[in-house]
J.: 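This is the structure, below, for whatever I ask next.
Scope of the values below: all heavy atoms of this structure, side chains included, with no hydrogens, waters or symmetry mates. Just so we're on the same page: letters track the sequence lines, and every chain starts at 1.
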Amino acid sequence: MFGLGGSSSAASSGPVNPAQIEMAVAELDMITDVFNRLVSSCHAKCISTRYSEPDLNKGESVCVDRCVAKYFDVNKKVGERLQTMGGVAQQSGSFGGGH
Amino acid sequence: MFGLGGSSSAASSGPVNPAQIEMAVAELDMITDVFNRLVSSCHAKCISTRYSEPDLNKGESVCVDRCVAKYFDVNKKVGERLQTMGGVAQQSGSFGGGH
Amino acid sequence: MFGLGGSSSAASSGPVNPAQIEMAVAELDMITDVFNRLVSSCHAKCISTRYSEPDLNKGESVCVDRCVAKYFDVNKKVGERLQTMGGVAQQSGSFGGGH
Amino acid sequence: MDFSQFNSAERATLNTIIEKKQMQDFMKLYSGLVERCFNSCVNDFTSKSLGSKEDICVQNCTDKFLKHSERVGARFAEHNAEQMNQQAKP
Amino acid sequence: MDFSQFNSAERATLNTIIEKKQMQDFMKLYSGLVERCFNSCVNDFTSKSLGSKEDICVQNCTDKFLKHSERVGARFAEHNAEQMNQQAKP
Amino acid sequence: MDFSQFNSAERATLNTIIEKKQMQDFMKLYSGLVERCFNSCVNDFTSKSLGSKEDICVQNCTDKFLKHSERVGARFAEHNAEQMNQQAKP
């Protein structure tokens, strides 16, 4: 879902293909962005800001695990929605498959 | 206000002028940034987050139209303010006209 | 703390060293980012959003000065914490000293 | 954005840049929607899967935001055009 | 930022970069102020134009933020200078 | 991220980029933590220095966030791996 690297095998030697690098960097930035949003959303949902102890207690830990699972669900749901609506109305750029 | 492109006509052929491209890209980024802030401000002011139906109802639609109008008003007001105060006190960089 | 420029003296003439430039730009971006967060945190803590007058009143000014001081304290505390925990668990990249 | 000021080579370069930016904007819209609709619609962590009420809420939240964004886009273009004419008057 | 570590060519490059960044910072300050003061001051959408109370609020919000930002800037510089001296001591 | 699709020169380039990004991520984590824990823990501006209660709060806030972020990272990796397998099935 978040890290859909292609799996074509490339010759181990050869020049640097800037377009490939750019795509990989864009994908890395996207994964980092999604991760940061996930961390901040689940912190808001699960962690009490009284900060009375340094460790996650039982309830917070269980909540975080479920929160991540549900976040992935919502990510899938929104993805399907965007595909059925053929991408955002004013976005003319084509958005290739799930990559 | 937001898209102040110059209107000098350029020869249709000739080399790429990187400075021109950079200015155009900076302007595009600014327009996108302003648009995203406008969308999020008017969403907060006009759209109820109960999300009981998928479409904008009458009240929400009218509110959005007025919200965009007032946002442009505030944009003009703040622009005038910044110009009268000669740009922000600690900003030494010169900021050319309205471009 | 925020602007830890090195103080080695360089020959005044010579070619541009891109790595040096990149480091300086990265440091500038970090200082700007920290400053913007400081401005917004202390605005939330000290400035009343009734906006009844254009100037900072006595109470607001004193609060802002103390707020900046305490922000620097927290910055030092968090820095020490991160160093004792050897950097964030999943960060494998080495982070050179205080620079 | 007035494109008459650019020659054809510049327009080609700009179009490639614009296309990449639209891709990035679409990804930001996507991850922004996930965050916004998750925060608004999902509040029950007694189970690992989305409840039916949460599911409907996420769909309405997504649709509503896209329609909202579209309407703001239309008003935005109208206001910008209006200002361009005001400036163009001698 | 200690500029003594750069040669004149590097300083020239850095100055151009800094000038561009200051332009961008000014634009971000501008759009940030519009968003901040709109959110704080404008709450009545029964009409399309700014009410007089809203108008005053936007002006005070802008002035106050700039003065606030200036004061934070002064304290920020003082604290940074203080830390630099502490490090410089052998 | 599947690195088999890159040749050794590309992998070297990517590693340098990734190292720089990890440095930037660490700095963003740092300044994000300062902002987050300051906003949550510091509310008394009758003095210029951190109170003992505020000091403990900042330490717990930092530790808790790092542990939270670590746990999310683990679940994130598991879910991503799960999806990769689902796609790999013919």
Side-chain angles (χ1 to χ4, degrees), chain B residues 1-2 4 19 22-23 25-47 59-99, chain E residues 1 3 13-78 80-81:
Chain B
M1 177 70 60
F2 292 123
L4 284 184
E22 224 182 86
M23 289 279 276
V25 170
E27 201 175 309
L28 261 175
D29 288 344
M30 198 204 63
I31 296 171
T32 309
D33 177 51
V34 168
F35 179 71
N36 289 334
R37 290 173 193 259
L38 173 58
V39 167
S40 113
S41 284
C42 287
H43 191 277
K45 298 284 183 186
C46 296
I47 309 294
E60 287 168 336
S61 305
V62 168
C63 176
V64 166
D65 296 348
R66 290 175 182 162
C67 181
V68 172
K70 289 186 113 166
Y71 200 88
F72 271 74
D73 271 1
V74 170
N75 183 71
K76 217 173 97 202
K77 270 281 167 307
V78 172
E80 283 152 12
R81 209 78 209 138
L82 284 180
Q83 239 133 24
T84 50
M85 301 178 74
V88 171
Q90 85 270 36
Q91 288 297 348
S92 62
S94 76
F95 174 51
H99 178 71
Chain E
M1 270 311 278
F3 282 91
T13 319
L14 271 173
N15 280 333
T16 341
I17 295 175
I18 288 173
E19 241 171 63
K20 258 184 231 146
K21 282 198 183 283
Q22 274 174 335
M23 256 286 282
Q24 282 164 355
D25 289 349
F26 187 78
M27 296 313 289
K28 277 187 205 138
L29 170 75
Y30 183 1
S31 45
L33 261 172
V34 174
E35 185 181 27
R36 176 186 289 277
C37 295
F38 178 84
N39 290 348
S40 293
C41 297
V42 178
N43 292 302
D44 161 26
F45 296 100
T46 53
S47 95
K48 273 207 169 189
S49 53
L50 224 49
S52 62
K53 250 180 55 183
E54 291 172 328
D55 189 15
I56 295 164
C57 177
V58 164
Q59 282 180 41
N60 288 343
C61 169
T62 302
D63 289 4
K64 228 172 205 203
F65 186 84
L66 294 176
K67 283 167 189 142
H68 166 73
S69 177
E70 215 184 301
R71 194 178 186 99
V72 171
R75 295 299 88 77
F76 186 72
E78 284 156 25
N80 261 331

J.: Checking Thr62(E) against chain B: side chain, backbone, both or neither under 4.5 Å from a heavy atom?
T.: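 For Thr62(E), the side chain is the part near chain B, not the backbone.
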J.: At a heavy-atom separation under 4.5 Å, does Val42(E) approach chain B through its side chain, its backbone, both, or neither?
T.: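 For Val42(E), the contact with chain B is made by backbone and side chain together.
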J.: With Val72(E), which of Arg75(E), Glu70(E), His68(E) fulfils side-chain contact (heavy atoms from CB on, under 4.5 Å)?
T.: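 With Val72(E) as partner, Arg75(E), Glu70(E), His68(E) yield a single side-chain contact (heavy atoms from CB on, under 4.5 Å), made by His68(E).
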J.: Determine whether the interatomic SG-SG distance for Cys63(B) and Cys46(B) falls below 2.5 angstrom.
T.: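 The answer is yes, since Cys63(B) and Cys46(B) bring their SG atoms under 2.5 Å apart.
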J.: Where does Lys21(E) contact chain B at under 4.5 Å (heavy atoms): side chain, backbone, both or neither?
T.: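 Answer is neither: Lys21(E) stays 4.5 Å or more from chain B.
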J.: Between Lys70(B) and chain E, which part of the residue has a heavy atom less than 4.5 Å away: side chain, backbone, both or neither?
T.: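 Both parts, backbone and side chain.
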J.: Under a 4.5 Å heavy-atom cut-off, does chain E meet the side chain of Glu22(B), its backbone, both or neither?
T.: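 When you check distances to chain E, only side chain atoms of Glu22(B) fall under 4.5 Å.
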J.: Are the side chains of Val58(E) and Arg81(B) in touch, meaning some heavy atoms are under 4.5 Å apart?
T.: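 A side-chain contact under 4.5 Å is absent here.
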J.: Would you give the length of the straight line joining atom OG of Ser31(E) to atom CD1 of Ile31(B), rounded to the nearest 0.5 angstrom?
T.: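 Taking OG in Ser31(E) and CD1 in Ile31(B), the distance rounds to 12.0 Å.
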J.: Is chain B contacted by the side chain of Gln24(E), its backbone, both, or neither, given a heavy-atom distance below 4.5 Å?
T.: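 Interface part for Gln24(E): neither.
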J.: Is the distance between the SG atoms of Cys57(E) and Cys41(E) less than 2.5 Å?
T.: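 Yes, the SG atoms sit under 2.5 Å apart.
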